[in-house]
Chemist: 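Dumping the structure here so I can ask a few things about it.
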Amino acid sequence: MSTGQTSGQRTAVRAVGPGRVNLMGDHTDTTDGLVLPMAIDLATVVQGRREGDRVVLTSVDDPEVAVVPLDVADPTALTPGWARYVAGVVAELRPTIGFTGTVTTTLPVGAGLSSSAALEVAVALALGFTGTPLALAQLTQRAEHRASGVPCGIMDQLASAAGVRSHALLIDCHDLIVSPIALPSDVEVRVVHSGQARRLSGSAYAERLAAVQAAEAVLGPLRLLADPAAVDRLDDAVLRRRARHVITENGRVRTTATALCAGDVAAAGRAMAASHASLRDDFDVSTPALDRLVERLSATAGVYGARLTGAGFGGCVVALTEPGALKEGWLVRAADGARCVTT
Ligand code: GLA
């Protein structure tokens, strides 16, 4: 694909790809459901010049340099590991001019804050992508599929591309409409690591998606169902739980968006608690470390609610709190989406 690409100039380029945290709606984007993430003020920055016939990126965090030919065929064959995401973008964008530069990040890697999506959107912009935020998200989602083989949804890339300062993003993954939802000014969003690195969950992620698709083959699109009792039509007990999570989670996204709009943070917190229970009991993507952390944070004065965020299987918990209620982890602020400056 070469749409939206500028002709290369030897100008200095600085592209920023924010990470994201998901407030509500996990494992719903892959069946065109609802999600409520926000782009955050932790980000990956790619800077350098458009030149040459390869993409060459160095990272302060890795002695190994990423070298990606413009005609790269198999991103998964590259090292270091993060070079695969760069190569996935190159393979989708097919720029005619290379790039030489550096990658820096303030995002913890593998924590569930979408460090790979942040890298992908920053690389695409650095290489000259100039389409809409949605087109950027679609291109980098395909890049992620190529790089990781995980059939992820569009949430991470779209949150990073389309972020709006001080707002969460209500995304309908069916019609791909993004509605910014103003966050109440008197709440903080904290992200706390469970201490357990997110195990590369590709096969478990794909297995969950296959189960949900098997449920849809019987029930039709889960995004159109509001009553969890619909799952009673499924014979298989595991499929019933998987489908129930998706149906109830879509409902919780609506509830949370409405609650935030009304400034009812307590109601948003209750939905977060219910979401964690559903991810733990029905979708089976939590871990004992995540459960203990959610329990401890939820019992802390001034915490409205806490839940695992992202795919699960380790990684981080997100909490909605009164200002100053938690000191640990990262205080994150809703940030604008990816951007690129050339000088
Ligand atoms: C990962 C995927 C997203 C989404 C979440 C779970 O972050 O990349 O598309 O499915 O897991 O909500």
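In each ligand, atom 1 is the first atom listed, and ligand 1 is the first ligand listed.
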Chemist: Looking at ligand 1, would Arg208 count as a contact under a 4.0 Å heavy-atom criterion?
Modeler: no
Chemist: For Gly153, counting its heavy atoms only, list the atoms of ligand 1 lying under 4.0 Å from any of them.
Modeler: 9 (O)
Chemist: Heavy-atom count around Arg339 CZ within 6.0 Å, excluding the residue itself: above 12?
Modeler: yes
Chemist: Heavy-atom count check: over 12 atoms from other residues, nucleotides or ligands less than 6.0 Å from Arg241 CZ?
Modeler: yes
Chemist: Considering the heavy atoms of Asp29, write down every atom of ligand 1 situated less than 4.0 Å from one of them.
Modeler: 3 (C), 4 (C), 9 (O), 10 (O)
Chemist: Cluster question for you: counting only ILVMFWY and a side-chain heavy-atom cut-off of under 4.5 Å, with indirect links fine, are Val45 and Leu119 together?
Modeler: no
Chemist: Once the angle between the rings of Phe283 and His245 is folded into 0 to 90°, is it parallel (under 30°), tilted (30 to 60°) or perpendicular (over 60°)?
Modeler: tilted
Chemist: When you measure from atom 12 (O) of ligand 1 to every protein heavy atom, which one gives the shortest distance, and what is it?
Modeler: Asp26 OD1, 2.5 Å
Chemist: Could you see if Val318 belongs to whatever hydrophobic cluster contains Ile181? Use Ile, Leu, Val, Met, Phe, Trp, Tyr and a side-chain cutoff under 4.5 Å.
Modeler: yes
Chemist: Please state which protein non-hydrogen atom is closest to atom 10 (O) of ligand 1 and give its distance, to 0.1 Å?
Modeler: Tyr205 OH, 2.5 Å
Chemist: Would you mind listing which atoms of ligand 1 come within a distance below 4.0 Å of any non-hydrogen atom of His27?
Modeler: 6 (C), 12 (O)
Chemist: For Asp291 and Ser286, which I'm curious about, is there any donor-acceptor pair between the side chains at under 3.5 Å?
Modeler: yes
Chemist: Can you sort out which atoms of ligand 1 are near Arg20, meaning under 4.0 Å from one of its heavy atoms?
Modeler: 7 (O)
Chemist: Any atoms of ligand 1 less than 4.0 Å from a non-hydrogen atom of Cys152? List them with their elements.
Modeler: 2 (C), 8 (O), 9 (O)
Chemist: Going by the order shown, which atoms of ligand 1 are within less than 4.0 Å of some heavy atom of Gly310?
Modeler: 6 (C)
Chemist: Counting neighbours of CD on Glu328 that are heavy atoms of other residues, nucleotides or ligands and sit closer than 6.0 Å, is the number greater than 12?
Modeler: yes
Chemist: Tell me, which protein residue and heavy-atom name are nearest atom 1 (C) of ligand 1, and how many Å apart are they?
Modeler: Asp156 OD2, 3.6 Å
Chemist: Under 4.0 Å from a heavy atom of Met155: which atoms of ligand 1 are those, numbered in the order shown and with their elements?
Modeler: 4 (C), 5 (C), 12 (O)
